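Residue numbers start from 1 in every chain, and the chains themselves are labelled A, B, ... in the order their sequence lines are given, proteins ahead of strands. Small disclaimer: the values here were computed from a predicted structure and weren't measured.
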Amino acid sequence: MASRLDRIAEQRREKLDRIRASGINPYPHKYHRSHTTQQATDLLKQKEDGLTQEEEVSVAGRIMANRPMGKISFLDIRDSTGKIQLCFHKEYLSEENLGLFKDLDIGDIIGTSGKLFRTKSGEPTLEVEDLTLLAKSLQPLPEKWHGLSDIDKRYRQRYLDLIANAEAREIFRVRSQVITVIRQFLNQRGFLEVETPVLQPLAGGALARPFTTHHHTLDQDFYLRIAIELHLKRLIVGGFDRVYELGRIFRNEGISTKHNPEFTMLECYQTYADYNDVMSTVEGMVSQISQQVLGTAKVEFGDDTLNLKPPWQRLELRQAIIKYSGIDFEEYPDVGSLREAMLGLNIEVDPQKDRGRLIDELISTFVEPNIIQPTFLLDYPVDMSPLAKAKPDNNRLVERFEAFAGGIEIANAFSELNDPIEQRQRFLQQQKQRQAEGEIVESIDEDFLLALEYGMPPTGGLGVGIDRLVMLLTGQQSIREVILFPQLREKNEGKHES
RNA sequence: GGGCCGUUAGCUCAGUUGGCAGAGCACCUGACUUUUAAUCAGGGUGUCACAGGUUCGAGACCUGUACGGCCUACCA
């Protein structure tokens with residue numbers, strides 16, 4: 001703690017002491033502002049248009065710039081709606097205000113009141129009559145022109161990133177609105193928003209390494225959920241015809257520009273629907289989000305312009321893999337022959353991988369990077385989709401699709417398997433597979449199977465990675481740019497700072 | 001986990017062949033009554049990420065460590 005105080009600019013502490021000595025509380029409890037900076041600017045325009053006589057306002061915000069001109073000074077303050085220029089005439093200020101004014105710094109939070117006017121150059125300005133310090137800043141802000149660009153610092157001290165970089169503020173504003181529109185979209189269609197456990201005795205619904213934790217009173221180990229799926233399907237059994245959850249998922253796996261250990265997933269389930277209906281839901285929802293949040297269905301991503309307007313292209317997975325890699329997985333019904341064929345493609349083929357994961361490898365290596373315009377890949381091998389219902393005419397394939405755009409996966413959906421006996425067989429087969437690979441085998445979620453045995457209506461289910469969707473809509477190439485506090489390794493040095 | 005690259009003032013960045021640690025912004029002092037990246041005059045505020053090593057001398061060269069970035073690997 002002491003070392004941190006040592007680093008605080010000495011002058012600012014002196015100013016703080018002076019302010020306190022003059023009887024001013026540098027950290028008061030509240031301030032009544034009559035207008036945001038945006039509202040104040042609008043009010044001035046209304047007055048100029050003769051729509052109002054009002055000109056007295058009080059505004060509050062952080063000092064972002066100071067331009068002293070001798071007897072007058074221009075300062076900019078910013079709040080979350082924008083900024084406004086303040087004009088201080090030193091001659092007009094009270095003695096107390098003048099003393100305080102001299103000890104102000106860029107970064108301080110202040111409240112001011114006075115009359116609105118426009119300068120010669122047309123800048124909306126508040127002629128300050130009264131000044132209140134709301135919070136003294138003891139740390140210098142990042143540079144005004146270049147902003148903050150040190151990536152490490154931008155993520156660890158996100159508040160500085162938000163203060164310094166308008167683009168960062170915009171990304172998180174968009175993210176918030178995307179989630180708002182998703183809720184609107186689903187609520188309007190009769191979906192019920194629910195919350196299901198994050199702490200689970202079994203981590204099911206996906207195959208990923210979970211985080212583990214322990215509950216002391218129960219003296220029981222728990223997993224942090226890796227998917228929401230199995231609980232939402234229990235609710236479908238329970239009679240809710242349309243449910244969704246927007247929630248945090250945790251996967252104890254690698255960190256990359258497309259993976260964060262905790263991320264946000266939307267899962268929604270609708271009864272009496274199959275994956276064709278879900279496709280309509282996805283393309284409708286994503287295009288509406290884009291239209292409502294960005295005002296357009298066309299988004300720039302990398303060097304491409306993506307057109308999110310429905311209908312999106314539909315392409316059978318088998319045909320897509322043939323198109324981009326030349327391999328027809330239907331011709332290689334077993335692991336050995338498929339691996340053989342893939343070796344001819346000059347890519348590394350992990351001998352541990354089963355057929356499903358080999359196909360997954362083909363998708364991520366050859367197909368995914370090539371799918372720029374929004375596209376549904378349809379009909380996945382049953383090997384890699386244990387929770388999806390088989391196609392009526394081909395039990396090696398399931399009614400499943402993944403949606404891709406800009407080279408990244410944004411949604412995964414299927415006609416849900418609701419035959420409890422087949423579901424049990426799929427789980428058992430999966431267990432056998434994992435066992436053969438010498439991996440840790442999770443026990444089967446018997447409670448979920450029991451729920452299915454009571455009868456689950458035909459259901460279409462969907463999962464959407466919200467972080468990746470926001471990447472797409474904001475043109476960001478790294479998931480850390482759309483997560484406020486992405487996971488970083490803790491620094492050993494500098495820990496004393498906090 | 002592996003490979004490559006990076007880390008210099010509060011921020012953004014220079015730093016030549018190994019020879020006194022630099023600039024802009026911020027900050028401090030002074031001038032200035034309509035500026036807006038205000039301007040003008042003056043002031044450098046530093047554990048060169050950390051720890052060793054080579055050398056008369058290291059920000060630079062070597063080794064290791066930490067953190068980050070990119071690629072790769074892992075990834076229902």
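The CG atom of Leu93(A) sits 13 Å away from the C1' atom of U33(B) (whole-angstrom rounding). Between the P atom of C27(B) and the NZ atom of Lys102(A) lies a distance of 17 Å, rounded to the nearest Å. Rounding to whole angstrom units, CD of residue Glu490(A) and C1' of A66(B) are separated by 12 Å. Between Met64(A) atom CE and A26(B) atom P the separation is 13 Å, expressed in whole Å. Rounded to whole Å, the distance from CG on Leu358(A) to P on C74(B) is 11 Å. C67(B) atom P lies 13 Å from atom CD of Gln487(A), rounded to whole Å. Atom CE of Met384(A) is separated from atom P of C75(B) by 12 Å (rounded to the nearest Å). The distance between atom CZ of Phe74(A) and atom P of U39(B), rounded to the nearest whole Å, is 15 Å.
Nearest heavy-atom pair, Gly122(A) versus Arg118(A), reported as atom, atom and distance to 0.1 Å: O-NH1, 2.9 Å. Of all heavy-atom pairs spanning Leu417(A) and Met456(A), the tightest one is O-CE, 4.0 Å. Of all heavy-atom pairs spanning Leu469(A) and Val464(A), the tightest one is CD2-CG1, 4.3 Å.
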- [ ] Test side-chain contact (heavy atoms from CB on, under 4.5 Å) on Ile359(A) and Tyr380(A) and set out the steps.
- [x] CA-CA 9 Å; Ile359(A) 293 171; Tyr380(A) 281 58; over 6 Å; no
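Across the C1' atoms, A41(B) and C5(B) are found 43 Å apart, a figure rounded to whole Å. With both ends at atom P, the span from U33(B) to G44(B) equals 29 Å, rounded to whole Å. Comparing G46(B) with U7(B), their C1' atoms sit 15 Å apart, to the nearest whole Å. A gap of 27 Å separates the C1' atoms of G22(B) and A66(B), to the nearest Å. For the P atoms, the distance linking C27(B) with U16(B) amounts to 31 Å, nearest Å. Comparing G24(B) with C62(B), their P atoms sit 32 Å apart, to the nearest whole Å. A58(B) sits 15 Å from U63(B) when the C1' atoms are compared, rounded to a whole Å. For the C1' atom pair drawn from G6(B) and C74(B), the interatomic distance equals 25 Å after rounding to whole Å.
If you look at Tyr275(A) and Phe414(A), their ring centroids are not closer than 6.0 Å.
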Please tabulate the protein-to-nucleotide N/O contacts below 3.5 Å involving nucleotides 28-31 of chain B, giving atom names and distances.
| unit_1 | atom_1 | unit_2 | atom_2 | d |
| --- | --- | --- | --- | --- |
| C28(B) | OP1 | Lys15(A) | NZ | 2.6 |

Mind listing the N/O atom pairs, protein and nucleotides 40-44 of chain B, below 3.5 Å?
none

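In this structure, the nucleotide among A26(B), G69(B), C75(B) sitting nearest to the side chain of His259(A) is C75(B). Residue Met69(A) has its side chain nearest to U34(B) when only A37(B), C67(B), U34(B) are considered. Of the candidate nucleotides A37(B), G68(B), C75(B), C75(B) has the atom nearest to the side chain of Glu253(A). In this structure, of C70(B), U34(B), A38(B), it is A38(B) that holds the atom nearest to the side chain of Arg67(A). Closest contact between the side chain of Thr119(A) and the listed nucleotides C70(B), U35(B), C67(B) involves U35(B).
As judged by a 4.0 angstrom heavy-atom cut-off over every strand, Lys144(A) is placed among residues touching the sugar-phosphate backbone only. Looking at heavy-atom distances under 4.0 Å, Thr257(A) makes contact with sugar-phosphate atoms alone, never a base. At a threshold of 4.0 angstrom between heavy atoms, the contacts of Ala206(A) include nucleobase atoms, whether or not backbone atoms are also involved. In this structure, Leu160(A) reaches neither bases nor backbone, as no heavy-atom distance under 4.0 Å exists between it and the strands shown. Using a 4.0 Å heavy-atom distance criterion, Arg156(A) is classed as a sugar-phosphate-only contact. In this structure, Arg357(A) reaches the sugar-phosphate backbone alone: every heavy-atom distance under 4.0 Å involves primed, P, OP1 or OP2 atoms, never a base.
Between Arg480(A) and G69(B) there is a side-chain polar atom (N or O) within less than 4.0 angstrom of OP1 or OP2. Taking side-chain N and O atoms only, Arg251(A) has no distance below 4.0 Å to OP1 or OP2 of C75(B).
Heavy-atom contacts from other residues, nucleotides or ligands closer than 6.0 Å to CD of Gln429(A) number 12 or fewer. Atom CZ of Arg209(A) sits in a sparse spot, with 12 or fewer heavy atoms from other residues, nucleotides or ligands closer than 6.0 Å.
Using modelled atom types, no side-chain atom of Arg67(A) and backbone atom of Ser73(A) make a donor-acceptor pair closer than 3.5 Å. For the pair Thr81(A) (side chain) and Gln38(A) (backbone), a donor-acceptor distance under 3.5 Å is present. With hydrogens and angles ignored, the 3.5 Å screen pairs no side-chain donor or acceptor of Glu402(A) with any backbone N or O of Phe376(A). Ser325(A) contributes no side-chain N or O that, together with a main-chain N or O of Leu362(A), makes up a donor-acceptor pair within less than 3.5 Å.
Looking at heavy atoms from C-beta onward, Glu245(A) lies in side-chain contact with Thr196(A) at the 4.5 angstrom threshold. Contact of the Arg225(A) side chain with the Ile249(A) side chain is registered, since non-hydrogen atoms from C-beta on lie closer than 4.5 Å. Between Asp42(A) and Lys45(A), the closest side-chain pair of non-hydrogen atoms is not below 4.5 Å.
Between the side chains of Asn260(A) and Asp467(A), no donor-acceptor pair of N or O atoms lies under 3.5 Å. Of the N and O atoms on the side chains of Thr459(A) and Glu416(A), not one donor lies less than 3.5 Å from an acceptor on the other residue. The closest side-chain donor-acceptor pair between Glu127(A) and Tyr92(A), if any, does not fall under 3.5 angstrom.
Where Leu488(A) and Leu207(A) each meet RNA chain B at their nearest nucleotide, the meeting point lying more 5' is that of Leu488(A). Residue-to-nucleotide proximity on RNA chain B shows that, of Phe427(A) and Ala65(A), the 5′-proximal contact is made by Ala65(A).
Base pairing in RNA chain B gives the following stems of 3 or more Watson-Crick or G-U pairs, range against range and under 3.5 Å: B:1-7 with B:66-72, B:10-13 with B:22-25, B:27-31 with B:39-43, B:49-53 with B:61-65.
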Open item on the list: Base contacts versus sugar-phosphate-only contacts with protein, heavy atoms under 4.0 Å: please encode nucleotides 8-14 of chain B as B, S and - from 5' to 3'.
Closed with: --SBSS-
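A heavy atom lying under 4.0 Å from RNA chain B marks the following residues of residues 78-90 of chain A, by number: Gln85(A), His89(A).
By the 30° and 60° cut-offs, the orientation of the rings of Phe101(A) relative to Phe88(A) is tilted.
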Acceptor/donor pairs from residues 381-388 of chain A side chains to any protein atom, 3.5 angstrom cut, sequence neighbours excluded:
| unit_1 | atom_1 | unit_2 | atom_2 | d |
| --- | --- | --- | --- | --- |
| Asp383(A) | OD1 | Arg355(A) | NH1 | 3.2 |
| Asp383(A) | OD2 | Arg355(A) | NH1 | 3.4 |
| Ser385(A) | OG | Pro381(A) | O | 3.3 |
| Ser385(A) | OG | Arg400(A) | NH1 | 2.8 |

